[in-house]
Protein chains: 2
Amino acid sequence: MRAAADILRQHRLPVTAQRVAVLSEVSRRPHATADEIAEGVRVELGSISRQSVYNVLTVLTDKGIIRRIQPADSAARYEDRVGDNHHHLVCRACGHTQDVCCAKGHAPCLTAHDHHGFAIDEAEVIYWGLCPACQRKPKR
Amino acid sequence: MRAAADILRQHRLPVTAQRVAVLSEVSRRPHATADEIAEGVRVELGSISRQSVYNVLTVLTDKGIIRRIQPADSAARYEDRVGDNHHHLVCRACGHTQDVCCAKGHAPCLTAHDHHGFAIDEAEVIYWGLCPACQRKPKR
DNA sequence: AAAAGATTTTGACATTGTCCAAATCACCGG
DNA sequence: CCGGTGATTTGGACAATGTCAAAATCTTTT
Ligand SMILES: [Mn+2]
Ligand SMILES: [Mn+2]
Ligand SMILES: [Zn+2]
Ligand SMILES: [Zn+2]
């Protein structure tokens with residue numbers, strides 16, 4: 001995996017400490033929320049504004065360097081792995097998010113039978129359930 | 001379709017004007033948000049508190065009378081059609097949401113190849129794209 | 001018709017984001 | 001290496017969507 005700074009330069013984005021730290025954190029901790037990323041970055045950098053975290057995540061997402069996913073009942077999550085059209089397993093209890101390979105190959109990996117005239121560009125699949133840890137916890 | 005009041009009684013829920021109106025509105029206008037439902041109910045009832053709309057939607061959802069869906073970049077939406085495991089086509093531009101039959105039969109209609117020990121109870125599929133109307137609008 | 005329990009309301013509060021203007025920084029050219 | 005310039009970062013206000021809790025009101029049941 002290339003260094004964050006190189007990736008930024010490659011996309012002609014000015015290299016700033018905040019961008020390097022946010023991108024590194026996203027790589028280090030897949031599926032983290034903006035807040036979790038901010039925490040991680042503060043360990044590295046000492047501080048970063050909430051707004052900058054959002055700014056950086058947005059520009060990286062727009063450039064296609066990272067991907068944003070937004071499962072129900074959770075803040076948006078971000079990840080490094082782009083372009084491989086994988087899907088997610090999400091725990092209803094703790095929100096733990098796990099990558100899962102696409103059953104088919106490329107996007108869109110499913111075709112709606114009757115697409116009602118929509119021009120579909122992505123089929124998003126989220127498998128909901130309980131992660132192994134939460135299955136063991138007392139149910140109520 | 002049975003009258004809202006009957007459905008409520010059938011589930012042993014006290015029948016109130018607010019519940020009847022909210023449930024009717026959800027039936028009448030599939031995939032509406034809580035705010036849109038509130039507007040609709042106010043036409044019927046004159047007024048309803050924001051909190052009651054949420055209370056009613058929550059109890060109806062918990063009883064399985066309606067279903068809540070939460071596409072990215074949109075408030076939660078509600079619908080009548082439960083238990084048929086259908087999916088959705090969502091317009092990236094205007095949020096218009098269209099039902100689409102499940103490619104397979106029952107839930108979970110897809111099986112993750114490697115499910116990483118998760119106990120999966122639902123495979124949620126959202127097809128993203130542009131609705132016919134938004135395809136015609138000038139792109140920018 | 002009254003009692004008991006559930007629902008509705010009101011108003012405060014939480015979370016997750018976005019908007020804007022001022023301060024600061026990164027990069028380029030000399 | 002030093003400014004200048006345009007982009008980025010910050011801080012603070014604000015917006016959207018929900019949730020919490022207590023008091024008032026309604027439904028159901030005797
Ligand atoms: Mn992933
Ligand atoms: Mn639907
Ligand atoms: Zn879990
Ligand atoms: Zn549209």
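Every chain is numbered from 1, with letters handed out A, B, ... down the list of sequences.
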Q: Would you say D:dA7 has OP1 or OP2 under 4.0 Å from some side-chain N or O of A:T16?
A: no
Q: Base, sugar-phosphate, or nothing: which does B:A17 touch, judged by heavy atoms less than 4.0 Å apart?
A: nothing
Q: Whole angstroms only, please: what is the CG-C1' distance between A:L8 and C:dC25?
A: 15 Å
Q: Any chance you could lay out the salt bridge (Lys or Arg N to Asp or Glu O under 4.0 Å) test for B:R42 and B:E39, step after step, and finish with the verdict?
A: CA-CA 5 Å; B:R42 292 201 179 102; B:E39 283 175 46; over 6 Å; no
Q: Is the distance between the ring centroids of A:H88 and A:H31 under 6.0 Å?
A: yes
Q: Using whole Å, what does the distance between atom P of nucleotide D:dT17 and atom CD of B:Q51 come to?
A: 16 Å
Q: Which one, C:dT18, C:dT8, D:dT8, comes nearest to the side chain of B:R19?
A: C:dT8
Q: Using whole Å, report how far CD of B:E36 lies from C1' of D:dA16.
A: 13 Å
Q: Heavy atoms under 4.0 Å, any strand shown: does B:V59 hit a base, just sugar-phosphate, or nothing?
A: nothing
Q: Nearest to the side chain of B:P14, which nucleotide is it out of D:dG18, D:dC20, D:dT27?
A: D:dT27
Q: In sequence, state the C-alpha distance, the side-chain angles, and the governing distance for A:S49 and A:S52, and then conclude on side chain to side chain donor-acceptor pair (under 3.5 Å).
A: CA-CA 5 Å; A:S49 70; A:S52 287; 3.0 Å; yes
Q: Separation of A:D62 atom CG from C:dT18 atom P, in whole Å?
A: 11 Å
Q: Taking side chain as C-beta onward, heavy atoms only, is A:L8 less than 4.5 Å from A:V20?
A: yes
Q: Is A:S49 close enough to D:dT9 that one of its side-chain N or O atoms is under 4.0 Å from OP1 or OP2 there?
A: no
Q: Between B:Q18 (CD) and C:dA6 (P), how many Å, whole number?
A: 17 Å
Q: Name the closest nucleotide to the A:Y54 side chain, picking from C:dT16, D:dT8, D:dG18.
A: C:dT16
Q: Measure from CD1 on B:I48 to C1' on D:dT25 and round the result to the nearest Å.
A: 14 Å
Q: In whole Å, I'd like the distance from the CG atom of B:L57 to the P atom of C:dT8.
A: 11 Å
Q: From CZ of B:R50 over to P of D:dT19, roughly how many Å is that when rounded to an integer?
A: 10 Å
Q: The side chain of A:N55 lies closest to which of these nucleotides: D:dT9, C:dT8, D:dG18?
A: D:dT9
Q: Just call it for B:S52: base, sugar-phosphate, or nothing, with non-hydrogen atoms closer than 4.0 Å on any strand.
A: base
Q: Hey, mind stepping through B:D121 and A:R92 against salt bridge (Lys or Arg N to Asp or Glu O under 4.0 Å) and telling me if it holds?
A: CA-CA 10 Å; B:D121 62 66; A:R92 287 195 193 276; 2.6 Å; yes
